[in-house]
Amino acid sequence: MAGKKYDYIIAGAGLFGAVAARELTDSGKSVLVIDRRSHVGGNVYTEKTEGINVHKYGAHIFHTNDAAVWEYVNRFARFNRFTNSPVANYKGELYSLPFNMYTFNRMWGVVTPEEARAKIEEQKKEIGHEPRNLEEQAISLVGRDIYEKLIKGYTEKQWGRDCSQLPAFIIRRLPVRFTYDNNYFNALFQGIPTGGYTRMVENMLSGIETRLDTDYLLNKEEFDKEAGKIIYTGPIDAYFGYSLGYLEYRSVRFENELLDIPNYQGNAAVNYTEREIPWTRIIEHKWFEFGKDEDGNDLPKTVISKEYSSEWHPGDEPYYPVNDEKNGALYEDYRKLADKEANVIFGGRLGEYKYYDMDQVIARALEVSQKLLTTPA
Ligand code: UDP
């Protein structure tokens, strides 16, 4: 665009921003990426402690069914064969996740898929209609016993809301399987980028001007003068100065501990599904890379993170959009304002207020970039 220093300024160096920056740059556009944080990667950021790549904003396990997205990320990182198999701890009883034959066997002593189905059929009878919320959906899928022990407490801690007040789709993220298979995801491709997500995002941004500790909203007018278009990946309500009110988010707080032992819990993720324990899960980061450094040496220490979920307040980091009806309606109002901002593209989990997984964010960023490149300005 004539007279502008950059074709695009991208606010946010998370996955959406980094992928868009790469695509636009590779098609000859001039791009500046800015981020208010002092690092790139957004919430997938990892930081090395004692040789362990610590997922600083919570565990991220890359998984996708989209071969194009899988090929895309493999251009920027080598992925290991990590498979997510969290363990649920309910008052000291351990269950396999996601809900599968190991879980049903431990819960009811059933051995065959037919026996498991019969148990669930019997328990779901209490919901005689189309599930209207997370509680009814969960009971319909796996029965009341599993709902009470493995879902209710965890979900209410994570979302700070009663399961009857939450949308059903959240629980449909989890597979239910009548096979002995502890793989948490129904995904053709899965793994962790060796060397951490930060390096992967740095590779995506290679050769692209990036300014950290730079807040777009604080200097909006100046940045707008410098760019033909803005790609904004921060919270959509923050962009509009919260003029229509606050969208609700869940935030997460981590208590990280470096322990002088090689193995704390024997698994990357243990979910604490009872209401009484205040954290939702404990992550032991070294197991994302099999307890070894990049040269294959065993790591002598370990880092664990206890994850506490909390309501978001202004100034906190937003993690999860709360996609209930009330917030959905408010988002739609912000969306209408956003549609009037002809030179601004809103993207990513915060920009679109959507519970996207990483692969969906990448697919969306690829799609949006393609559209920008093919639509005349
Ligand atoms: N969930 C649960 N018990 C568990 C794990 C998950 O009830 O042990 C439910 C909970 O409602 C959660 C949802 O499943 O919000 C989605 O879990 P997922 O692992 O996809 O959440 P994320 O990893 O994105 O935080």
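The figures here come from the full heavy-atom set of this structure, side chains too, leaving out hydrogens, waters and symmetry mates. Each ligand, and each atom within it, is numbered from 1 in the order the structure gives.
With a heavy-atom cut-off of 4.0 Å, K149 does not touch ligand 1 at all.
Looking from atom 23 (O) of ligand 1 to the surrounding protein, the closest heavy atom is R281 NH1, 3.4 Å. Looking from atom 15 (O) of ligand 1 to the surrounding protein, the closest heavy atom is W159 NE1, 2.8 Å. Nearest protein heavy-atom neighbour of atom 22 (P) of ligand 1: Y355 OH, 3.3 Å. The protein heavy atom nearest to atom 20 (O) of ligand 1 is R173 NE, 2.9 Å. In terms of protein heavy atoms, atom 5 (C) of ligand 1 is closest to N271 ND2, 3.3 Å. The closest protein non-hydrogen atom to atom 25 (O) of ligand 1 is Y320 OH, 2.5 Å. The protein atom (non-hydrogen) at minimum distance from atom 12 (C) of ligand 1 is Q158 OE1, 3.7 Å. Among all protein heavy atoms, the one lying closest to atom 2 (C) of ligand 1 is Y154 CD2, 3.5 Å.
Taking the ring centre of Y355 as origin, the terminal cationic atom of R173 falls inside the region bounded by 6.0 Å and 45° from the ring axis. Geometric assessment of R117 against the ring of F178 yields a positive cation-pi assignment under the 6.0 Å and 45° thresholds. By the 6.0 Å and 45° rule, R250 does not stack over the aromatic ring of Y320. The side-chain tip of R106 points at the ring of Y95 from less than 6.0 angstrom away and within 45° of straight on.
Every atom of ligand 1 is numbered from 1 in the order shown, and the set under 4.0 Å from a heavy atom of I170 is 11 (O), 13 (C), 15 (O), 16 (C). Numbered from 1 in the order shown, with element, the atoms of ligand 1 that lie under 4.0 Å from a heavy atom of T273 read 8 (O). The ligand atoms of ligand 1 that sit less than 4.0 angstrom from a heavy atom of I171 are 9 (C), 14 (O). Heavy-atom proximity to L97, at under 4.0 Å, picks out these atoms of ligand 1: 8 (O).
Proximity of the aromatic rings of F79 and W70 is defined here by a centroid distance below 6.0 angstrom, and this criterion is met.
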TODO: Could you walk me through whether R211 and E209 pass salt bridge (charged side-chain N to carboxylate O under 4.0 Å, His left out), step by step?
DONE: CA-CA 7 Å; R211 281 188 225 158; E209 186 181 350; 3.5 Å; yes
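Distances shorter than 4.0 angstrom do not occur between any heavy atom of K152 and any atom of ligand 1.
Relative orientation of the W312 and Y242 rings is tilted, given thresholds of 30° and 60° on the angle between their planes.
Taking any N or O of Y184, backbone or side chain, at least one lies under 3.5 Å from an N or O belonging to ligand 1.
The shortest non-hydrogen separation linking F16 to E352 is CE1-OE2, 4.2 Å.
For the side chain to side chain donor-acceptor pair (under 3.5 Å) with T302, the lone residue among E284, E50, K286, H285 that qualifies is E284.
Here the shortest heavy-atom distance to atom 11 (O) of ligand 1, taken over L166, T155, N84, I146, belongs to T155. Atom 3 (N) of ligand 1 has its nearest heavy-atom neighbour, among L174, I151, L150, in L150.
Atom CG of N182 and atom OG1 of T83 lie 10.5 Å apart (nearest 0.5 Å).
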